[in-house]
Amino acid sequence: MKPTEALKNFEATKQDIGYVDRQNATPKDYQRIGFKSGLEVHQQLKTKRKLFCRCPAGVYHSDDDYNAEVIRHMRPTLSELGEYDGTALMEFKTRKEITYRLNNQTACTYEVDDTPPFPIDREALEFALEISLLAKFNIVGEVHITRKQYLDGSIPTGFQRTAILGVEGEIQLSNKKVGLIQLSIEEDSCREISDIGHSRIYKTDRLGMPLIETVTHPDMETPDELAEAAEYIRFLNRSTGKVRTGMGAGREDVNVSCAGGSRVEIKGVAHNKWIPELSHNEAFRQWALLNIRKLIKDRGLKKQTWKMNSQKIDLSHPELLPPLLREKINQGLEVIGINLPNLKGILSHFTQPGHPFAAELIHRLKVIACIERPNMTHSEELEPLLAHQDLKQIAKWLRADEADAQIILWGPPADIPTALETIEERILMAFGGVPEETRKSFADGTTIFERVLPGSDRMYPDTDSAPIPLTVEYIESLGRDLPQDISSRYQQLKDWGVPADTWKYLLSKNMPPLIERICNKFGFPHKLIGSFIGHTFKNIEGQNELHKNFSYEKIYELFRYISEKKLVPGIAKFMMPVIYEFPDMQFSSVLTSIHFKRRNLVEVLTPIEFLLEKFKENTPDPEPDSTINWLMGQVHQQAIGNVRLADLRQQIEQIIKC
Amino acid sequence: MSDDIFQGYKGSALNTLKRFNVRVWGQAEIKTTRGTFQGTVLPRAENDDDQHIVLKIPTGYNIGIDIVTIEQMVETGYQKANYKIPEKAFPYSADKPNVKLFGTGGTIASRLDYRTGAVIPAFSPGELYGAVPELADICNIDTEKLFAVFSENMGPDQYKILAESIGKEIANGTDGIMIGHGTDTLHHTAAALSYMVQDSPIPIILVGSQRSSDRPSSDAALNLIHASYAAGHGDIAETLVCMFGPTSDEYGFLHRGTRVRKMHSSYRSTFRTIGDTPVATVTSSGLNMIKQEYQHRRKDKQVKITPTFNEKVTMMYYYPHMKSEIMEALIDAGYRGIIIIGTGLGHVNRELYPALKRAQEEGVSVFMTLQTLWGYSHMFVYDTGRDMLALGVVPLGNMLPEVAWVKLGWTLGQTEDVEQIKEIMLTPINDDITEREPYNGYLVYQGGVPEVEGFVKNFRK
């Protein structure tokens, strides 16, 4: 295919499947493709220690700050029920050498699996149970630590220790109830430093930190509902005040399918705002893959009989080696030409914005065969690497037919067998539609292949840990002191008259309890405090660096001070920026720094008559309001904190009338 | 209903299952005061309480249900799990050495045991090949399960059976022997075989794992690969322990059976040669010799098997102010040999002298080894030492305490003559006593100092 043709095919297939942009998509579009989605929300708990050892939680290092390294390889093992897990076998195929960097401050022998686990951190268990109760889960009678296999190396043991605390909970969204499948407590994984070829490097500072995972049923039918559910669960977690916030403290896995598609998991979405775009694109990617299946079927191709053929292109065929391929051979790589019979038009078929079907192959080659990109080119590139003539020559040499497509791939000789298997495997999967897999997300809303989707076969009881009973009394005692439900918090903010544009911020920072405390204690109206925090404070927070000694408790203290000193709450707006920047400064000094002087109403009004005279001199024929506005402008500064501005205005109006 | 359909359940939990007619491996729906739960009822570990029922829920996790919360239980189906490592016939190739693998149990190949909730050994050539297919690239493996016990249950009876089985295999002309073994007493067995099997023409490699093979990061596979290389291709025809060198997946050490000791409760690199260097390192592509002197592989089938052991030997770990009565009690109980593990250069306090004297009079053989593990007993240095020599206590140089116990049991199995016993004990076998201690035989460096930190950072432990 000429590049122009490939591009044309890409656009035509995009149209064929009825792709619409996220901005223009309506609920009808999602209904049409049968959008279905669920969430797995991960949230770190704010504990002092890690979950199964006594290392501190929440201390992080830079990549190069380490004391020792350990190397491990992972092998698949059988699950408790005697099955090998699909992901496990794929990861084994990749033959990765995994290096762990250890810093003595944050990792002990437990992290690298040289010491069995210590008893579970009770603080973490308690925090997680509280959240489970809040989300109305059925709490288990006994916690069983389970090993969940992860052969990517992100955990040195090859499994994550995890345990279910509750099943079947629910949350109330604005227009529907969403069921929750389960909540588990688990240890966080390593952070990846690099992954090149057969070598992957991790650091172990985050490894073992306590985390909860809330899994929803696939009840969400539009990307907007999905985003709402994600926000809700995030707010719920934060409402306890016992979870970590900040970069990486909350991460979402998004499960998406379309009608006739498969469950695909988009891993580790760091920002909720990315969720709608990602899930939208994934549902349409599946829709596109189903169209590919139809095209293949229409051509009469059968999975059992279709076969690709491949041949090594070496220096004995100089006519087949344009400079790009010759260079690969010079680098010691092997170059392989592959003919895909009867698949013309599939490689350039639309799958995601900017990505044709060929991208699926490229990323699997990277992940499974460990061949760094660029690892292949093909006959339907939108932006070709090889000249059309060169490709044609290779096609001819492969005895290709006009209806065929070709791939040219390259890589280290040892990786070529896996690479060929990987290509064939993925193409045969296209005959069946959508393979189950996990995908990695990008900020532009697209995703790439990450792993085969693991099943329940990777679970195994942790023989190193005893079950932990949860007595009725213990659960009841935890249930007594729960924060309010998020759906009732929404209602509360509405009832208070707090502007709706602040709700998201207030809930995400768990502010309602603070607002309640300030108002109940000092008698300020909820609306005033809510707006102050949701507008004024948010603005200050967004524009300034956070001082390490600042906490939201300072807002409480500020209003206590205002109440005790009988100041007018309007002064908070002026004091807050100073307090945010210098949280250790005494409030009286803050007042000095904003040039505050205590004055009563009479004192503030003293210059009014003089000012009025002056105004009249300069403005012979004033509008009625402009006089008041000008006067207000003149004395406003002195009134702040002393007199409510509405009262001041009233007084000035009276003076003018006289 | 027979009882095994309630595997592991007892007391109240058992009654609950019976009351609602739900079996282990039954799919159940359980209504409780904490909500409804669904899943497969799993067996319960024998030592766990009788207040909970274990359920595997559809997402694959296990949970426990408190029986006091149960209101109703219904069995809706039944499916028994079939735990099996895939068995594949171990491929034979004529150009590869034949290695015999004896199984004794331990974590080298194991699977989950519902009874104890722990792992139990699983083992056959087919299973091994299914789990570690790389073995077929190294040698042909034939296996024989001699026992299925944990390391701590290995003892003199097992040592003798092992020695005799090894003798038979050598006579059959095998090229190497591997013994899969739990790690806790791996070094005791290694010592026992060093004495019971002498002048072997082929390598005898003991191997285990610190992480059971049901874990993806287990050291079992790599240890097996290393051991089969050493057994099939290695030139060291001695009894050796093959376990991880560093904790990283890099290479294994081959340790002499008489100088090796387990030194960490959980590290992969737990086995260390004490007072010397290991004989060699081993990877899947070959051996690298560290020591130049060792017994070479031979073509003949000659071997000296001496499967004897007198169990009336014991070890006595000395502590300050230990009373004579303890040792007297041992003599009263009929013990004919005692290995003292003494302080420093090989000392005990005067309070023990009467007991030592009695031992000497009654022909009980008493030998001295060291709590320090490294170094030699030098009983001439201090008066106490000389006193003890006079009381018939025989210092064993730098022989390790556990090795001395094994050797004494083996020796007493052959003779009761005190002088002969002394002679056998003091005649070095396979470096159980070495003439000299090289400077690199004692390497217990401490973290915190720059040179050690630099080493640890650059050379993976």
Side-chain angles (χ1 to χ4, degrees), chain A residues 66-82 84 88 97 104 109 112-116 137-144 146-151 156-159 162-164 166-168 181-182 184 215 455-461 463 466-467 469-472 475, chain B residues 32-38 42 45 48-49 51-54 56-69 81-86 111-112 117-119 131-132 210-218 221-222 246-250 264-269 447 453 456-457 460-461:
Chain A
Y66 64 96
N67 299 111
E69 286 182 311
V70 167
I71 287 186
R72 295 277 153 80
H73 304 88
M74 299 294 157
R75 301 178 75 89
T77 62
L78 294 179
S79 79
E80 182 184 14
L81 300 182
Y84 274 114
E97 177 165 281
N104 291 334
T109 49
V112 277
D113 189 32
D114 267 328
T115 289
F137 278 105
N138 303 341
I139 308 294
V140 303
E142 197 180 48
V143 179
H144 283 245
T146 304
R147 301 180 191 160
K148 188 179 190 181
Q149 277 198 11
Y150 278 98
L151 277 85
T157 44
F159 54 78
T162 160
I164 294 293
V167 301
E168 293 308 327
I181 297 176
Q182 63 187 29
S184 56
V215 186
S456 56
D457 287 343
R458 60 177 176 154
M459 314 298 290
Y460 199 85
T463 48
L470 301 176
T471 62
V472 176
I475 296 303
Chain B
T32 78
T33 54
R34 292 191 193 169
T36 301
F37 297 87
Q38 279 179 326
L42 291 185
D48 288 345
D49 67 29
Q51 294 300 308
H52 298 88
I53 285 166
V54 190
K56 179 172 282 294
I57 59 174
T59 48
Y61 289 82
N62 295 355
I63 61 171
I65 307 286
D66 190 337
I67 54 165
V68 303
T69 65
N82 186 17
Y83 188 101
K84 243 178 106 188
I85 297 171
R111 65 178 174 84
L112 188 75
V119 284
V132 193
Q210 280 289 86
R211 291 291 167 284
S212 54
S213 55
D214 57 349
R215 303 166 192 242
S217 66
S218 167
L222 205 52
T247 184
S248 287
D249 290 359
E250 294 201 80
H264 193 280
S265 65
S266 52
Y267 255 79
R268 288 159 169 74
S269 51
E453 292 299 328
V456 170
K457 184 163 178 172
R460 296 175 189 102
K461 291 190 295 170

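Computed from a prediction, not measured in an experiment: that's the story for all the values here.
Note that the CG atom of B:Asp48 and the NE2 atom of A:His144 stand 7.0 Å from one another [nearest 0.5 Å]. Rounding to the nearest 0.5 angstrom, the gap separating the CD atom in B:Glu453 from the CG atom in A:Asn67 is 6.0 Å. Going from atom CD of B:Gln210 over to atom CG of A:Asp113 covers 10.5 Å, rounded to the nearest 0.5 Å. A:Glu97 CD to B:Glu250 CD: the interatomic distance, rounded to the nearest 0.5 Å, is 7.0 Å. For the atom pair B:Arg215 CZ and A:Gln149 CD, the distance stands at 11.5 Å (nearest 0.5 Å).
The closest donor-acceptor contact from the side chain of B:Arg34 to the backbone of A:Val140 lies under 3.5 Å. Counting only distance, with no hydrogens or angles, the side chain of A:Arg75 and the backbone of B:Ala221 share no donor-acceptor pair below 3.5 Å. No donor-acceptor distance shorter than 3.5 angstrom exists from the side chain of B:His52 to the backbone of A:Pro469, with no hydrogens or angles considered. Remark: the backbone N or O of A:His73 is paired with a side-chain donor or acceptor of B:Asp249 at under 3.5 angstrom. Looking at A:Asp114, its side chain does come within 3.5 Å of a backbone N or O of B:Arg268 through a donor-acceptor pair. For the pair B:Ser217 (side chain) and A:Pro156 (backbone), a donor-acceptor distance under 3.5 Å is present.
Neither the backbone nor the side chain of A:Val215 has a heavy atom closer than 4.5 Å to any heavy atom of chain B. Looking at B:Leu222, neither its backbone nor its side chain comes within 4.5 Å of chain A, counting heavy atoms on both sides. When heavy atoms are compared at a cutoff of 4.5 Å, A:Gln182 approaches chain B solely by way of its side chain, counted from C-beta outward. Using a 4.5 Å cut-off between heavy atoms, B:Ile65 touches chain A through its backbone atoms (N, CA, C, O) alone.
The two residues A:Ile164 and B:Ile57 make their nearest non-hydrogen contact at CG1-CD1, 3.9 Å. Nearest heavy-atom pair, B:Tyr61 versus A:Lys148, reported as atom, atom and distance to 0.1 Å: OH-NZ, 3.1 Å. Summarising the geometry of B:Phe37 relative to A:Ile139, their closest heavy-atom pair is CZ-O, 3.5 Å, with the distance given to 0.1 Å. Residue B:Asn62 comes nearest to A:Thr146 through the heavy atom pair N-OG1, 3.7 Å, listed as atom of the first residue, atom of the second, then distance. B:Ser248 and A:Val70 get closest at one heavy-atom pair: OG-CA, 3.2 Å. Of all the heavy atoms in B:Asp66 and A:Leu470, the pair that sits closest is OD2-O, 4.3 Å.
Considering only heavy-atom pairs separated by less than 4.5 Å from chain B, the leading option among A:Ile475, A:Asn104, A:Val143 is A:Ile475. Contacts with chain B were tallied for A:Pro116, A:Ser184, A:Gly158; A:Gly158 has the most, counting heavy-atom pairs under 4.5 Å.
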Going through the checks in order, is the side chain to side chain contact (heavy atoms under 4.5 Å, CB included) test met by B:Thr247 and A:Val112? CA-CA 9 Å; B:Thr247 184; A:Val112 277; 5.9 Å; no

